[in-house]
Amino acid sequence: MKGIEFKNLDGSDLKIGIAKSRWNSFITDPLLEKCKQALLDSNVKEENIIVYEVPGSYELPFAASKLIKKQQVDAVVCLGSLIKGETMHFEYIAEAVTQGITRLNLETDIPVIFGVLTCLTEEQAIERSSGKKNNGYEWGLSAIEMALLGKMQKDL
Ligand code: RBF
């Protein structure tokens with residue numbers, strides 16, 4: 001099987017945060033829509049889905065940190081889209097956001113899902129954020145799976 005397979009997940013007791021960047025919103029809007037759909041399909045209540053918007057991907061770890069500390073969410077999905085341009089910004093931002101998300105995973109004990117597309121072209125980003133291949137859906141399911149894992153470990 002290519003990609004990720006998921007079991008049936010019950011998110012009815014979960015609170016999930018989504019940090020979403022507005023840079024390349026033609027990519028991040030459909031990612032957000034599918035991510036929310038995955039949460040709702042898995043019984044997460046609409047009022048337990050908290051969305052924080054930020055200007056660009058670089059700001060995602062900060063928003064995720066606020067969702068964890070101020071909203072007490074069980075997991076966060078970071079949604080962004082980096083498209084390689086002619087400057088070195090792509091490399092720097094990709095590195096920073098990856099490190100930031102990794103740190104939050106290890107230091108806050110709350111899972112933070114890496115929903116940041118890093119593509120060479122707009123076409124690649126569109127392919128991963130539209131139609132049947134929209135990655136937002138599996139990132140939503142990943143958040144639920146990891147939130148349930150986190151809760152299970154706490155109860156032990
Ligand atoms: N943010 C993104 O989410 N994706 C990008 O592809 C992206 N490219 C950028 C390119 C340049 C030259 C600059 C200056 C910023 C870019 N940003 C991008 C925005 C960045 O994540 C952040 O919002 C700003 O740098 C402000 O901290």
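Computed from a prediction, not measured in an experiment: that's the story for all the values here. As the structure lists them, so they are numbered: ligands from 1, and atoms in each ligand from 1. Note: hydrogens, waters and symmetry copies are ignored here, and every other heavy atom, side chains too, is used.
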Asker: How would you list, by chain and number, every residue that makes a side chain to side chain donor-acceptor pair (under 3.5 Å) with Asn43, sequence neighbours excluded?
Answerer: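 Applying side chain to side chain donor-acceptor pair (under 3.5 Å) to Asn43 gives Asp10.
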
Asker: Tracing side-chain links under 4.5 Å among I, L, V, M, F, W and Y, which residues wind up in one group with Met88?
Answerer: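 Tyr92, which link up through side-chain heavy atoms under 4.5 Å apart, make up the rest of the cluster.
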
Asker: Counting only heavy atoms not in Phe62, do more than 12 sit closer than 6.0 Å to its CZ atom?
Answerer: no

Asker: Restricting to non-hydrogen atoms, name the atom on Ala147 and the atom on Leu14 that form the minimum distance, rounded to 0.1 Å.
Answerer: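 Minimum heavy-atom separation between Ala147 and Leu14: CB-CD1, 3.8 Å.
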
Asker: Using every non-hydrogen atom in the two residues, find where Ser142 and Phe6 come nearest and quote the distance to one decimal.
Answerer: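 Here Ser142 and Phe6 meet closest at OG-CZ, 3.4 Å.
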
Asker: Of all residues at least two apart in sequence or in a different chain, which pass the side chain to side chain donor-acceptor pair (under 3.5 Å) check with Lys84?
Answerer: Glu91

Asker: For ligand 1, give me the residues whose heavy-atom distance to it is below 4.0 Å, by chain and number please.
Answerer: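 Answer by chain and number: Ser21, Trp23, Asn24, Gly56, Ser57, Tyr58, Glu59, Ser81, Leu82, Ile83, Thr87, His89, Ile93.
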
